[in-house]
Amino acid sequence: MNVPLLDLVAQYAAIKDEVIPALLGVVETQHFIMGPAVAQLEAGIAALSHAKHGIGCASGTDALLLPLKALNLAPGDEVITTPFTFFATAGAIHNAGGKPVFVDIEEGSFNIDPAAVQRALTPRTRAIVPVHLYGQMAAMERLLQIAGPRRIPIIEDACQAIGARRMIDGEWRMAGELGWATGYSFFPSKNLGAWGDAGMIVTSDDAAAERLRKLRLHGGAKQYHHEEVGTNSRLDTLQAAVLVAKLPHLAAWSAKRREHAAYYSKALAGVSGVRTPPTDAANEHIFHQFTLRAERRDALQAHLKKEGIGNAIYYPTPLHRQPCFASLGYREGSLPQSERAAREAISLPIYPELTRPQLDRVIDAIRGFYQ
Ligand SMILES: Cc1ncc(COP(=O)(O)O)c(C=O)c1O
């Protein structure tokens, strides 16, 4: 039995009777640009995030780029982030005119290490961009303690963490609730995936929301009147309709992922050679990815491939070692936890529709490799 890394066709079969009529609804009105589904989705995602405003945009990349642009960065302005993330996090910082300052990650959560953020602060620090990697939140309360007194905005990269939450001072706080602005991606493989590219920013800052709404529309709220230069980064109405139809399923899908993660973790606990991902005790993880640390990782990957088991390396090269950032001067060994994670991490199938026999098949293949 082959087990794919992701099976979007299985999800499609389960929800098509809800999504297709929603799509047809848009087609029949021909209201493709900023149709009612966009505002509906914005309200739904803002509510989920305990945030005041949702601003739909074209992708998760733009959902990071636009708030960074709203900071009006000047050459040399620094933005602290993690190198152990998808490229877009740092690409957006660069494209907004900032200098990415990479700091190391925590060993357990794979997320940015607040102590390293503290050490990296300079008078040029203009923002901090933590990434809630694989679906569990970074230590926001510690980041806020560092950023708050200096009034440094935090932009959460929650592209992998929609609906994730963290217990802080006895209260659940959502991804998207505590940062100044937060970017989400609805890339099809995400926990809440569109049928194409789509993204959203959430914020509770009224002035920022107004500015971001302009920036996604060529800098003008009023047609043919441009207060500044923005871009075309609207959320497509067809994609919004798909997402509005899928949103009520998100909590159950994420719960299913947690169930699969618990099953894997129990079954793989005794396998020497792999370490299952620890969940920070304060976090409710949404398991966008289930990522092991594995000895002889590349050989394990080849074995799983041979066995017909989908897997992926997120991410083989930390961003401080990417050729495009060579001029920043980070040497091999400069961020050792990130470099180690890049050598050890391997992600397994974790999508909600996985069956017990499929999970067992993955577990058997891993056990077989380390026997
Ligand atoms: C952590 C992270 N940041 C940013 C992005 C960019 O999102 P998109 O692909 O929708 O532009 C992604 C997703 O691909 C991501 O996983």
Side-chain angles (χ1 to χ4, degrees), residues 5-6 8 41 45 49 54-69 79-96 98 100 102-103 105 109-112 127-138 140 154-164 175-176 179 181-202 216 231-236 238-240 242-243 246 254 257 277 285-291 312-320 322 324-325 338 341-342 345 347 350-351:
L5 180 63
L6 181 65
L8 288 175
L41 183 71
I45 301 297
S49 312
I55 300 114
C57 61
S59 67
T61 301
D62 279 3
L64 298 170
L65 180 65
L66 296 175
L68 283 158
K69 277 199 179 271
V79 178
I80 300 174
T81 194
T82 163
F84 196 59
T85 176
F86 180 60
F87 182 75
T89 314
I93 293 169
H94 174 91
N95 284 334
F102 295 112
V103 302
I105 57 170
S109 67
F110 297 99
N111 279 328
I112 197 164
I128 301 169
V129 183
V131 178
H132 304 320
L133 198 73
Y134 302 149
Q136 80 168 319
M137 284 175 66
M140 285 297 292
I154 295 180
I155 299 174
E156 297 174 61
D157 181 340
C159 286
Q160 301 187 5
I162 191 161
T182 296
Y184 289 119
S185 166
F186 303 118
F187 186 80
S189 64
K190 296 293 196 267
N191 286 34
L192 182 65
W195 288 359
D197 276 309
M200 190 174 295
I201 307 153
V202 296
R216 76 165 168 194
T231 188
N232 174 0
S233 183
R234 293 176 293 240
L235 196 161
D236 188 285
L238 286 167
Q239 298 305 339
V242 170
L243 292 162
K246 285 174 97 176
S254 294
R257 288 170 179 267
H285 206 312
I286 62 151
F287 286 101
H288 174 58
Q289 300 296 342
F290 183 85
T291 304
I313 310 295
Y314 304 119
Y315 297 91
T317 306
L319 301 186
H320 67 289
Q322 290 289 349
C324 64
F325 293 131
S338 305
S347 299
I350 190 76
Y351 57 92

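Each ligand, and each atom within it, is numbered from 1 in the order the structure gives. Model, not experiment: these values are computed from the prediction. Counting from 1, the numbers follow the sequence of the chain as shown.
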Least distance between heavy atoms, Pro277 atom then Phe290 atom: CD-CZ, 3.5 Å
Residue from Thr81, Asp157, Thr82, Thr61 passing side-chain hydrogen bond (donor to acceptor under 3.5 Å, both in side chains) with Thr89: Asp157
Phe186 vs Leu41 side-chain heavy atoms within contact, under 4.5 Å: yes
Parallel, tilted or perpendicular: rings of Phe86 and Tyr315 (30°, 60°): tilted
Need the list: ligand 1 N/O atoms against protein N/O atoms, distance under 3.5 Å, rounded to one decimal.
| unit_1 | atom_1 | unit_2 | atom_2 | d |
| --- | --- | --- | --- | --- |
| ligand 1 | 3 (N) | Asp157 | OD1 | 3.3 |
| ligand 1 | 3 (N) | Asp157 | OD2 | 2.8 |
| ligand 1 | 7 (O) | Ser185 | OG | 3.4 |
| ligand 1 | 10 (O) | Gly60 | N | 2.8 |
| ligand 1 | 10 (O) | Ser185 | OG | 2.7 |
| ligand 1 | 11 (O) | Gly60 | N | 3.3 |
| ligand 1 | 11 (O) | Thr61 | N | 2.8 |
| ligand 1 | 11 (O) | Thr61 | OG1 | 2.5 |
| ligand 1 | 14 (O) | Lys190 | NZ | 3.0 |
| ligand 1 | 16 (O) | Gln160 | NE2 | 2.9 |
| ligand 1 | 16 (O) | Lys190 | NZ | 3.4 |

Aromatic plane relationship, Phe287 with His285 - under 30° parallel, 30 to 60° tilted, over 60° perpendicular: parallel
Whether Phe110 and Phe84 hold their rings parallel, tilted or perpendicular, with breakpoints at 30° and 60°: parallel
